[in-house]
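So you know, we letter chains A, B, ... as the sequences are listed, proteins then strands, and number each from 1. Because the structure is a prediction, the values reported are computed rather than measured.
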Protein chains: 2
Amino acid sequence: MSLSGFQWAARVSQIAPFHVMQLLARARQLQAEGRDVIHMEVGEPDFPTAAPVIQAGQDALAKGLTQYTPAAGLPELREAIAGHYQTAYGVDIDPGRIIVTPGASGALLLIAALLVNPGDKVMMADPTYPCNRNFMRLFEGEPQLIPVGADSEYQLNVGHIEQHWDDRTRAAMLATPSNPTGTLVGKEALQAISQAVSARNGALIADEIYQGLTYGVNAMTALSVNDEAFVINSFSKYFGMTGWRLGWLVAPDNAVSELDKLAQNVFLSAPTPSQYAALAAFQPETIAILEERRAEFARRRDFLLPALRELGMSVPVTPEGAFYIYAGVDHLTDDSYQWCQDLLEQEFVATTPGLDFGLNGARKTVRFAYATDIEQLEQAVERIARFIRQS
Amino acid sequence: MSLSGFQWAARVSQIAPFHVMQLLARARQLQAEGRDVIHMEVGEPDFPTAAPVIQAGQDALAKGLTQYTPAAGLPELREAIAGHYQTAYGVDIDPGRIIVTPGASGALLLIAALLVNPGDKVMMADPTYPCNRNFMRLFEGEPQLIPVGADSEYQLNVGHIEQHWDDRTRAAMLATPSNPTGTLVGKEALQAISQAVSARNGALIADEIYQGLTYGVNAMTALSVNDEAFVINSFSKYFGMTGWRLGWLVAPDNAVSELDKLAQNVFLSAPTPSQYAALAAFQPETIAILEERRAEFARRRDFLLPALRELGMSVPVTPEGAFYIYAGVDHLTDDSYQWCQDLLEQEFVATTPGLDFGLNGARKTVRFAYATDIEQLEQAVERIARFIRQS
């Protein structure tokens with residue numbers, strides 16, 4: 001019996017694999033051979049989950065709290081998240097508008113399922129996090145990629161909305177801080193975008209999964225300028241809970257019942273032990289730990305950014321958030337994917353080629369993550385310098 | 001600012017909410033008012049997760065094992081699952097063909113995304129688990145619902161395939177044991193279906209999430225007759241790990257890389273603590289606990305089935321798996337949803353109306369779950385008898 005006559009659905013071939021996975025596989029192989037690989041490709045904090053959160057997870061297990069929760073999440077967690085918006089951003093959010101999801105991926109899935117008809121476009125910056133594009137394609141929509149550069153701080157702005165919005169555009173999606181560029185959308189820019197999108201009867205989607213990780217500036221939330229934005233967030237990055245698979249979504253009031261219905265069907269509920277653990281994420285002792293880590297990320301950025309610039313790489317806009325530097329390497333190569341491969345083979349430094357983030361300047365750029373400690377970063381810079389000298 | 005001009009995507013209105021959620025909400029309200037509600041509506045075992053699994057979860061947390069795993073799951077868990085197929089079903093499965101997912105829902109999502117183009121049909125029995133239908137619609141496909149009855153033990157058979165397969169049919173989906181009917185597909189029927197589907201270049205999807213829960217018969221797996229079937233399974237039901245959100249998928253060799261790519265995009269990885277905990281699910285001491293529970297489910301079925309028949313309900317095919325009895329109540333009502341509502345209001349017994357499982361005889365049927373202890377079931381039967389007498 002064979003599936004030889006069977007073609008996979010068309011969407012599958014239109015969703016590109018991540019190039020970094022090839023590099024990661026090769027990096028692991030090199031490590032298995034005894035090579036000392038420095039990982040600057042990963043999108044995951046190198047810190048373990050904070051102790052109070054671990055403890056809360058263990059306590060939940062000890063109490064046998066392992067059954068399904070309501071699809072939209074534990075009521076007390078939804079309240080805690082609403083409390084966090086109040087404390088950290090001064091914004092009042094009804095807990096009923098918060099839907100707890102299996103990772104921010106779950107939130108993105110619900111939003112795409114809710115908003116995107118076949119052929120609908122969702123406008124987003126290029127470069128952007130690849131899953132944002134791919135979720136739209138998954139639901140037969142079309143990511144409307146707008147090439148952005150230093151002039152708009154690698155973000156969509158109101159000019160892009162005005163120029164590119166068309167009859168098939170249904171929504172605009174921002175990511176602030178952005179992966180891969182680490183840049184933020186400021187309040188005024190956000191207000192202008194929000195008004196332009198609303199004037200076109202569109203939906204505004206804000207990916208705020210790196211929200212807590214900003215350096216030298218205060219983060220904000222799109223909810224402070226648009227109460228009807230769809231906002232995606234996560235316990236993975238700032239809260240350091242990657243493998244727990246927990247995120248959330250804030251939705252406009254009139255979308256909640258439909259999202260709840262979709263969540264019942266698509267994932268029943270987010271992981272229960274993770275939800276109980278996350279209740280401890282907002283406690284002062286946890287926040288104190290997370291703020292120390294944020295300061296450490298800032299020190300790393302402050303080391304790595306000038307070091308890469310010193311090597312001639314162009315980083316025209318100072319990244320103020322996330323843990324990435326998106327650097328131009330066109331003085332070194334016209335194929336940054338090949339460059340990343342060579343760097344890995346020769347100096348055992350793993351990075352992510354621009355190709356994973358879109359088409360705009362993708363072969364001229366590399367993303368360097370600083371989710372590894374300063375000593376490693378120092379060594380990495382030495383190795384990269386040597387690699388450049390010898391190329 | 002308003003979303004007033006915005007229509008949700010068309011799929012949203014075509015995915016029906018679960019009627020049981022209304023009943024559940026009302027049941028909770030009644031409980032909050034002090035009523036003693038008996039829950040026969042739930043699709044969740046009433047046993048806590050087995051102690052060795054809880055312990056393994058706590059150990060993983062103590063070791064800080066909370067980062068992302070590979071998208072397809074921990075290699076050692078994939079191997080343990082393959083070992084389980086060998087031990088329990090005598091089938092050899094390459095662990096590389098096993099993809100660990102966030103619940104069986106995650107597996108179903110991947111399969112639908114891989115197989116279903118807009119307009120494609122996936123044939124399945126009516127009645128069936130509603131999410132099976134809804135996942136197909138989510139990806140712009142069409143559930144091709146085949147009314148089934150006692151004559152085919154509430155399952156698809158080869159005659160259905162031959163009669164109803166058309167140019168747009170891409171796959172046939174079985175659920176064995178079935179939710180809501182608790183019936184199984186036997187080996188010969190499975191072989192005939194499998195051959196008929198393969199002859200039409202179709203894909204066979206087997207939902208085996210209740211696989212370990214059979215009474216008086218031995219379960220099998222579709223993999224034993226078709227090595228290229230897409231098989232969905234779960235740690236939720238037999239393994240008692242509902243809230244951990246962990247399932248798996250066995251796929252044909254040539255589908256694995258595409259499924260892995262989709263998994264990377266759609267959920268990054270299944271929950272890490274859950275994966276480490278699940279490693280303990282196959283240990284002999286855990287299996288011993290689970291087998292005791294299975295025997296308890298068998299006792300409950302053996303009590304409830306004759307009791308419902310005694311009340312005049314028709315259960316023409318003895319359910320041999322899962323923890324449901326799907327009973328005909330047409331001698332009592334022509335609107336079983338209303339009947340369920342009245343039963344809840346008058347006697348505080350919560351059940352699930354047939355309407356949640358399709359269109360075929362849906363208003364003449366009710367699903368009774370026996371995921372609650374015998375004392376509760378005895379009381380429930382008394383209350384139902386009184387309700388019938390007084391109606």
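- Both the backbone and the side chain of L138(A) come within contact range of chain B, judged by heavy atoms closer than 4.5 Å.
- The greatest number of non-hydrogen atom pairs below 4.5 Å with chain A, out of S105(B), G57(B), A9(B), is found for A9(B).
- Between R245(A) and P102(B), the closest side-chain pair of non-hydrogen atoms is not below 4.5 Å.
- For a residue to count as touching a neighbouring chain, one of its non-hydrogen atoms must lie under 4.5 Å from one of that chain's; by this rule R170(A) touches chain B with backbone and side chain alike.
- Residue A270(A) touches chain B through its backbone alone, counting heavy-atom pairs closer than 4.5 Å.
- Both the backbone and the side chain of I15(B) come within contact range of chain A, judged by heavy atoms closer than 4.5 Å.
- Rounded to the nearest 0.5 Å, atoms CG (L109(A)) and CG (L109(B)) are 6.0 Å apart.
- In this structure, chain A has no heavy atom under 4.5 Å from any part of S257(B).
- Proximity to chain B is limited to the side chain of P252(A), based on heavy atoms less than 4.5 angstrom apart.
- Side-chain contact between N201(B) and F6(A) is absent, with no heavy-atom pair separated by less than 4.5 Å.
- Side-chain rings of F267(A) and F267(B) stay apart, their centers remaining 6.0 Å or farther from each other.
- In this structure, the portions of Q67(A) lying under 4.5 Å from any heavy atom of chain B include both its backbone and its side chain.
- There is no contact between Y276(B) and chain A, counting heavy-atom distances below 4.5 Å.
- A side-chain contact (heavy atoms from CB on, under 4.5 Å) with T49(B) is found for one member of L61(A), L65(A), T66(A) and no other, namely T66(A).
- At a 4.5 Å heavy-atom cutoff, the contact between Q264(B) and chain A is made by backbone and side-chain atoms alike.
- Only the backbone of A112(B) comes within less than 4.5 Å of a heavy atom of chain A; no side-chain atom from C-beta onward does.
- For chain A, the nearby parts of A255(B) are the backbone and the side chain; heavy atoms of each come within less than 4.5 Å.
- In this pair, F139(A) and F139(B) present their aromatic rings parallel. The plane angle is below 30°, not in the 30 to 60° band.
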Decide side chain to side chain contact (heavy atoms under 4.5 Å, CB included) for N254(B) and W8(A); before the verdict, give the C-alpha distance in whole Å, the side-chain angles of both, and the deciding distance to 0.1 Å.
CA-CA 10 Å; N254(B) 67 342; W8(A) 309 135; 3.9 Å; yes
